[in-house]
Structures are given as C-alpha cells and as structure tokens.
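One structure is given here, and the rest of the page talks about it.
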Amino acid sequence: MRPFGRMRTLAWHMAASTPAPSTDHSLARAVARRLQDALPEGVLLSVDELAELLTAPPNPALGDLAFPCFRLAKALRKGPPMIAGELARRLAELSDAAPIAEATAAGPYVNLRLDLGAAAAIVLPGSARGERPHHAAGERVMVEFSQPNTHKAFHVGHMRNLCLGDAIVRLLRADGNQVIAANYFGDVGAHIAKCLWWYLDRLSDAERQPPASHRGEWLGQIYTRAHNQLEEWQEQAAAGDAAAADLLAAAKARTTAILRGLEARDPELVAIWDETRHWSLADFAEIYGWCGVTFDHLFYESEVDEEGLRLVEDYLQRGIFVESQGAIGIFNEEIKHMPFFLLRKQDGTSLYSTKDLALARLKFEKFQIDRSIYVVDVRQSDHFRHVFLTLKKMGFGQAERCQHVGYEMVELPEGPMSGRKGTVILFRALREAMTSHVVDNYLAKFRGEWSDAEIDDTARMVALGAIKYGMLARDVQQKIVFDMSAWLDLEGNTGPYLQYTHARATSILRKCAEVDKELDPALLEDPAAARAATAALVEPQERELVLLLDQRWPVAHQAAQSLRPSVLCTYLYNLAKAFNRFNQACPVKPSEGALLQARLLLVRATIGALAQGLDLLGIPAPDRM
RNA sequence: GCGCGCGUAGCUCAGCUGGAUAGAGCGUCGGCCUCCGGAGCCGAAGGUCGCAGGUUCGAAUCCUGCCGCGCGCGCCA
C-alpha cells in the first residue's frame, strides 16, 4: 500500500551506515539527522519523519527551515515552547551541526538558519547532474486516459484529459512504478450509427468525398450535423410536428439497422465502419504526436463489446447479476441514491458499463496489473463507483486498487461547449492560434538568425507548453474556463514562463562559455570541491533558490501520490520565480573565482530541476526561445 | 428530492492529512535595461477566507446546519 515509505526507510538505513552527510542530496534529511542527534530521550522519530515535519518559516528573516514541536508535546508531556527551547539549546551544543548554522526557539518552533555554502553543496550537484531518486521495485499500474470517440472531433475539452493522463503516467514512472499508458477508443455505439447514417444516406456522392487531411475532423462535422438534426426533429415531434415525427422515426429505424448490421458483421457496413474509424484514429495519432504523448497499449470498445455481454450472461447465471424490467444489472446498495447499475439493455445489447467490465478483466488478467487508474471526467464518478463495486462482487480482488481520477470540465466563458450551438473549439484551432501567436509575437525576430525549422519546432514547444500548463496547473476539482485570448497571454503564471526561465538559464551558461567561464566538472562529482565553491554564496536570492531546489523530489512524489500534477506546477512556478529573482540580483558572467563557480553550479542545478519538472508534466524545455 | 463538488483580493486561482503576520497571476497605479535575453524584476493599492454554530491551546483547513453555484441521478457514453 505504501511502497514509498518502505523505500525511504531502506534508504535511511543505508545512509545511516555510511557517515557521509555531504553526499546526501536531501537538505531536509541532512538537517533531520542533526535534529535526531539533538532530540531529547524518549522521542522515537525517524530521520524521514523528522524531515517531513520540517517546514518553511512564514518569513525568511526568521530562518531557512522551521521545526514545529507540537508532535513532541504528548510524548514529553511538556509544552511545545519549552521543548523548542530545549531543542534549540541542544542543537547549539552539538559538536557538528552542519548544515545548521543557528537554531533559535520561537514559541513552539525551532527556527533553523543554515550554512548556505554547506546547504548548497548538499543540494546542487545532484540537481545539476539531473539525478533521479532511487526506488525499490514499484507497482505495475495502468493509467487509462484520452479515450476519444471515433467519428467525433477532438476538441479542447479532450485536451485536459490527455494532459492529465500523460502527466500522471510520467509522475508515477518517476516515482518508481512500472506504468502502462493505455488508451481506449470509443469506436462502437450510437454515435457511430448516427454518423454513418448521415454519411451514407444524406450526403451526395460528391459530398461523400473526404478531404485530403483531417478526415477525422470532417467525420466529426458529419456526426454533429446528424446529431443536431435528430435533436431538432425530436423537439419538433414533441411539439406536435407530425412530419418531423415521421422523419425521426425513419432515421431511428435506419440508425438501428446500421447498428444491427455492424453487430451482425455485415461485410459492407463493417468495411465502411473500419475505413471511417481509421480516419479518426489517424487524426488522433497525429494529435498525440504533436503533443508528445505516447501510449503503451490501445484498447478499443469494439474488442470488448462481445466479451462484455458474455460476462453479463455468465454472472447472471451465477446469480451475481439480476434481471430488472427486462434489462440486466446489479444492485449496489452501497450507492444509496441510485443503487441499480444497468449492464445490459432490454434489447440485449451492451452499454458502456458492459464493456468496462470486460475491459477491466482484460487489464487484470492479460496485463497483470496491481493498480488501475481511470482518468475520466467527474460526471462519471457514480459510474466508476458502480464499476469497481461490481468488479469486486464478481470476485476481482484488484477492484480494491481501481481508482477514478475525476476532473472537472473545460467550459467557455459563455458556458459549456455545445456541438449544437457550434461553440465547440476544436483542438486544432487552439493549436494553430497558439502556434502562430507565438511565432508572430515572440519568434519572428529570430527569422534569419535561426533556421525556419528551429523556429517551427520552438513554436510547437512553446504552444504545447502554454496549452499543457494551462490544462494542468488548475486543480482537477476546478472547472477550466477556456478563453482563447487569456490563453494566448503568455506572461505571468504560464507554461512559457517556465520554459522561458529554463531558456534564460541555459543562455547564461552559453554566454559564459563564450568567454571561457565554464563550470568545473569536479564540482558535480567531488563534494569537497563543491563545498569550497559554494562557500562564496551569500545572497538571499541564492539562499531562496537552494532551499527551493531541495524540494523538487518531495514535491514530485507528493504530486504522484495524490495524482495531482497541479502540485508540481505550483512548485515549478515558484522555482522559476526564485530563479528570476536570483537572475536579477546576482550576475553570473561578471563573477570570478569561487563565486562564479558556485553560481554556475546554481544555474545548472536550476536548469536540471526545471527540465526534469517540466518533463514530468510532459512539457518540453527549449534551450532558447 | 438524493448524491458529488465548488464558494479565499475587482477577475482567475494557490494554500485545505489543523499551526507563526492568508499568497500568486491578470487588471490598476508607480519604478527597473552602461550589466548574462523585458515572455523578466521591484514596489503600491486591494481580503469579515459564503453565513452561523461546534471541536481544539490553535480553524481558510476538521464536524454540523444553512445560503449560492455547478454536475450526476436504468436502457447515452
């Protein structure tokens, strides 16, 4: 259940038997070790527990780290302020307190001032090397995301799911898990029948010719027209329009016939279905490529459809499922407000739920996963509660480790996107607007200096950064209001701000190299060399940056554990801000000697942390932009 | 009606496994390029953390009730 805790205990034992604090890359743990040395008798807290208790004081003037003593109060039967006073005293008496320079009790807290040089030597080399934490073998986990329907267009709403799912995959991998990124295409169902009805019956031969590119999108338009027409007839019929009622009835008969034809494997219909379906899949593949998202496995609804029905029949025989009003389902009384979970329609055909059972079994048995994550919008919370409960009653123990990541919707300032009102913003429109905006406003000045290919590639990276960060920075519980003009504003808390900071930092190293000021590689490998150089760091901006850099992996771990990429977004934004403050206050290139080396190391460490952090979000980090 | 979620600065949001003086972006106003890239930096103004109780040494954070908004609620996906 908590593999990470086990890993960290292990790491602690190893570190404890190897007295080399300068090679320990976590500042918090280096400090925690000193705290443990100074702790009064009778307190049983591990280095890791102590490290986790450390927080930042509200005001940097108070100290670099703060240790709250509330947790010790019960064990010691004393008030936190008294404990803080004692602890501060004992820390001052330690023969070697490094990297702690000063400990002062302030009410229930012990505020710790660190030796900046010592702290920097602990934190920076690992970050500059791009080091990743070691992990014990993690779990085998599948993350299912994206799941677009074929025959429909891919719009900005789909983007949130894609960005979230991809980031979760990356975070879980970095956290030591073996992750299978899975997609699940909706290539069967009523929407297909509606689309094919219009395509086959309502288009002239000339109109039926698909365009050379974006055929999936073209198909999506056909679907929308069909859908809207049916809705219109429905309303007119409800209002008493007999002609509309006839048209509606005829259309419904036709879509039902198409559906039945497909189920019966009518060769002609299947051929059309397969051809059109591939138009959509090709569009999706192109989008995933542009976004830098890859999948390890692709599922299709069409492959679990029949199996789902077999499962329903099987579990009906076993008495797990029941018949109700001619349909089949299961009563999950745990969900009081809607206990019945429908699994097979009266007409004997399958539903979304039917297929989810078969899909889950496939995941469990063929892919042998320990844990299963579904990234699907929050409206389907009840559905997944039912799915997981049902799987458990079917005897799948893995149901305990199934998890729905429900995220809120992407809406427009005017309200939800509506295909009917024609207010859907296609992903391609966003991508193109963003890309040309980036070129026109920021990259045009490099025309001639940079190759056209580099400009195009950079524009893609920045546009992608803006879109992905916009989708990820907001908590999953919050709705995203998509306003194109606001999204095109790339200043402030945005993806391009992070990318820009990375590019600026990289540029500093480039400019320094031009005047033969380069980082001595020994600083990355030799703790003593690093320590000698970092002693030159004294500025508050340098201090802030070092302290923040120490947080990179704990934050990534927290984001992974809570399946919330937004946590990492917030951290990276604060890191970038700290770097820009440093950059404003502390010139690197004009520096000399130890200070130059220490600042080069600090810049390299920031580049490492930003590049890795952005990578965990699936955002590229250009070297210049 | 029942269920889930949201409500923090003019707007959009962090902070929510309880802890020190509630933070940021945008917008407004005012500053900063002799210096490594102004997609940047600094400053100012701006808040009864929806309301009312409760738990606690301590509540934006936990509990209860209410108000407002959104979403979901058997034969769609």
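In what follows, chains carry the letters A, B, and so on, assigned in the order in which the sequence lines appear, proteins first and then strands, with residues in each chain numbered from 1.
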- Task: Can you tell me, in whole Å, how much space there is between the C1' of G18(B) and that of C62(B)?
- Result: 7 Å
- Tell me what T570(A) touches on the nucleic acid: a base, only sugar-phosphate, or nothing, going by heavy atoms under 4.0 Å. sugar-phosphate
- Message: Apply side chain to side chain donor-acceptor pair (under 3.5 Å) to residues N161(A) and S146(A) and explain how you reach the verdict.
- Response: CA-CA 6 Å; N161(A) 185 304; S146(A) 196; 5.2 Å; no
- Residue pairs passing the salt bridge (charged side-chain N to carboxylate O under 4.0 Å, His left out) test where at least one lies in residues 493-510 of chain A, sequence neighbours excluded: none
- Query: Do Y184(A) and Y300(A) make the cut of ring centroids closer than 6.0 angstrom?
  - Reply: no
- Integer angstrom distance from the P of G54(B) to that of A20(B): 23 Å
- Roughly how many Å is it from CZ in R564(A) to C1' in C13(B), rounded to a whole number? 13 Å
- Message: Taking ring-ring contact (aromatic ring centres under 6.0 Å, His included) as the cut-off, I'd like each qualifying pair that reaches into residues 497-516 of chain A, sequence neighbours left out, listed once.
- Response: Y497(A)-Y573(A)
- Item | Distance-only polar pair, side chains of T349(A) and D347(A), donor-acceptor under 3.5 Å | yes
- Message: Could you work out, with salt bridge (charged side-chain N to carboxylate O under 4.0 Å, His left out) as the rule, every residue matching R344(A), not counting sequence neighbours?
- Response: E313(A)
- Pick the nucleotide of RNA chain B nearest each of I508(A) and F67(A); which residue has the one closer to the 5' end? F67(A)
- Message: Check this one for me: any side-chain N or O of R71(A) less than 4.0 Å away from OP1 or OP2 of U17(B)?
- Response: no
- Query: Taking only residues at least two apart or on different chains, which pairs with a member in residues 462-484 of chain A satisfy ring-ring contact (aromatic ring centres under 6.0 Å, His included)?
  - Reply: F482(A)-W487(A)
- Based on Watson-Crick and G-U pairs with both distances under 3.5 Å, what dot-bracket line describes RNA chain B 5' to 3', crossing pairs as [ ] and inter-strand pairs as |? (((((((..((((.....[...)))).(((((.......))))).....(((((..]....))))))))))))....
- Residues passing the salt bridge (charged side-chain N to carboxylate O under 4.0 Å, His left out) test with K194(A), sequence neighbours excluded, are none
- Are R474(A) and Y407(A) in a cation-pi setup, meaning NZ or CZ lies under 6.0 angstrom from the ring centre and within 45 degrees of the ring axis? no
- Task: Could you encode protein contacts along nucleotides 65-71 of chain B as a string, one character per nucleotide from 5' to 3', using B for base contact, S for sugar-phosphate-only contact and - for no contact, with a heavy-atom cut-off of under 4.0 Å?
- Result: ------S
Protein-nucleotides 40-51 of chain B N/O pairs closer than 3.5 Å?
residue	atom	partner	partner atom	Å
G40(B)	OP1	G492(A)	N	3.1
G40(B)	N2	Q584(A)	NE2	3.2
C41(B)	OP1	Y497(A)	OH	2.7
C41(B)	O4'	Q584(A)	OE1	3.2
C42(B)	OP1	R581(A)	NH1	3.4

Produce the list of close N/O pairs, under 3.5 Å, pairing protein atoms with atoms of nucleotides 1-3 of chain B; give distances to one decimal.
residue	atom	partner	partner atom	Å
G3(B)	O4'	H337(A)	ND1	3.3

- Rounded to whole angstrom, note down the P distance from G50(B) over to A9(B). 8 Å
- Restricting to pairs with a member in residues 328-339 of chain A, which pass salt bridge (charged side-chain N to carboxylate O under 4.0 Å, His left out), not counting sequence neighbours? E334(A)-K393(A)
- Message: Let me spell it out: for each of A66(A) and K152(A), pick the nucleotide of RNA chain B with the closest heavy atom. Which residue's pick is nearer the 5' end?
- Response: A66(A)
Enumerate, atom names and distances included, each donor-acceptor pair closer than 3.5 Å involving a side-chain atom of residues 149-157 of chain A, sequence neighbours excluded.
residue	atom	partner	partner atom	Å
T150(A)	OG1	G186(A)	O	3.4
H151(A)	NE2	T276(A)	OG1	2.8
H155(A)	ND1	G157(A)	N	3.0

- Would one find a side-chain N or O of Q477(A) under 4.0 angstrom from OP1 or OP2 of G7(B)? no
- Query: If you look only at pairs with a residue in residues 485-502 of chain A, which of them pass as a salt bridge (charged side-chain N to carboxylate O under 4.0 Å, His left out), with sequence neighbours excluded?
  - Reply: none
